[in-house]
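Okay, structure first, notes after.
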Amino acid sequence: QTPPTGSLLHITRATLGPDASSGRVTLKVWNCATQKWFVICTLNAGTTNQCTLDLAFSAGAEVKFATEGAPSEVHLTGFYEALQEDDDFLEGAEEEAEDEEDEE
């Protein structure tokens, strides 16, 4: 599913499915921009059934998730987070730009 415009997809947890087979499952994400795989976590039925994550993807980011290892489902949990403009940051940037113009 594509995140709503002006939001982030925030992934917070990876969990093995209820019928997970024994063995390790590695969860990876493919970054389409860099054309590289990145390992997110490794789960192991009975010992490490879930992993807390803190991953954020912008609405325009193209990523794919995949697993390797034991044939088990991995469920991802997360939420869409609305982006908010940081007024203090923007005001500071505008003031800095004005100061640079005054110096020239």
Side-chain angles (χ1 to χ4, degrees):
Q1 184 175 3
T2 303
T5 303
S7 67
L8 295 174
L9 172 60
H10 195 134
I11 304 293
T12 57
R13 184 174 307 273
T15 306
L16 285 174
D19 298 326
S21 59
S22 62
R24 294 184 334 164
V25 178
T26 300
L27 177 63
K28 305 181 301 182
V29 64
W30 174 257
N31 182 326
C32 295
T34 64
Q35 298 290 299
K36 293 184 180 180
W37 284 105
F38 296 93
V39 173
I40 296 174
C41 66
T42 300
L43 304 170
N44 198 348
T47 58
T48 312
N49 293 324
Q50 60 186 356
C51 177
T52 300
L53 303 170
D54 187 13
L55 304 173
F57 300 99
S58 66
E62 290 186 50
V63 296
K64 297 177 184 178
F65 294 94
T67 59
E68 67 179 36
S72 299
E73 289 182 352
V74 175
H75 299 261
L76 298 175
T77 305
F79 57 92
Y80 292 118
E81 181 177 349
L83 292 176
Q84 298 178 358
E85 292 184 25
D86 184 348
D87 293 337
D88 293 336
F89 173 77
L90 293 176
E91 288 175 11
E94 289 171 1
E95 290 172 7
E96 188 175 308
E98 288 174 6
D99 290 344
E100 288 176 5
E101 288 175 8
D102 291 342
E103 290 176 7
E104 293 177 0

ask   = Taking the side chain from Ser21 and the backbone from Ser72, do they hold a donor-acceptor pair closer than 3.5 Å?
value =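 Pair absent, no side-chain N/O of Ser21 close to backbone of Ser72.
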
query = If only atom types and distance count, is the side chain of Thr12 paired as donor or acceptor with the main-chain N or O of Thr77 below 3.5 Å?
reply =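 Side chain of Thr12 to backbone of Thr77: a pair is present.
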
request  = Return the orientation label for the Phe57 and Phe65 ring planes: parallel under 30°, perpendicular over 60°, tilted otherwise.
outcome  =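 Aromatic pair Phe57/Phe65 classed perpendicular.
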
query = Which pair of heavy atoms, one from Asn44 and one from Gly23, lies closest together, and at what distance?
reply =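 Reported closest heavy-atom pair: OD1-O, 3.3 Å.
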
For the student: nearest non-hydrogen atoms of Lys64 and Cys32, plus distance =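 Looking at all heavy atoms of both residues, the shortest contact is CE-SG, 4.3 Å.
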
request  = Carefully, step by step, assess Leu16 and Val74 under the rule side chain to side chain contact (heavy atoms under 4.5 Å, CB included).
outcome  = CA-CA 5 Å; Leu16 285 174; Val74 175; 4.2 Å; yes

Atom [atom1] in [X], atom [atom2] in [Y]: separation rounded to 0.5 Å?
X: Glu68; Y: Arg24; atom1: CD; atom2: CZ; value: 9.5 Å
X: Leu55; Y: Arg13; atom1: CG; atom2: CZ; value: 12.5 Å
X: Asn49; Y: Leu43; atom1: CG; atom2: CG; value: 8.0 Å

key: Gln35 atom CD, over 12 foreign heavy atoms within 6.0 Å   =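 Enclosed.
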
Pairwise side-chain contact, [X] with [Y], heavy-atom cut-off 4.5 Å (strictly under):
X: Leu76; Y: Leu27; answer: yes
X: His75; Y: Pro18; answer: yes
X: Trp30; Y: Val63; answer: no

key: Within one Ile-Leu-Val-Met-Phe-Trp-Tyr cluster: Val29 and Tyr80, side-chain cutoff 4.5 Å   =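 Looking at the clustering, Tyr80 is in the same group as Val29.
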
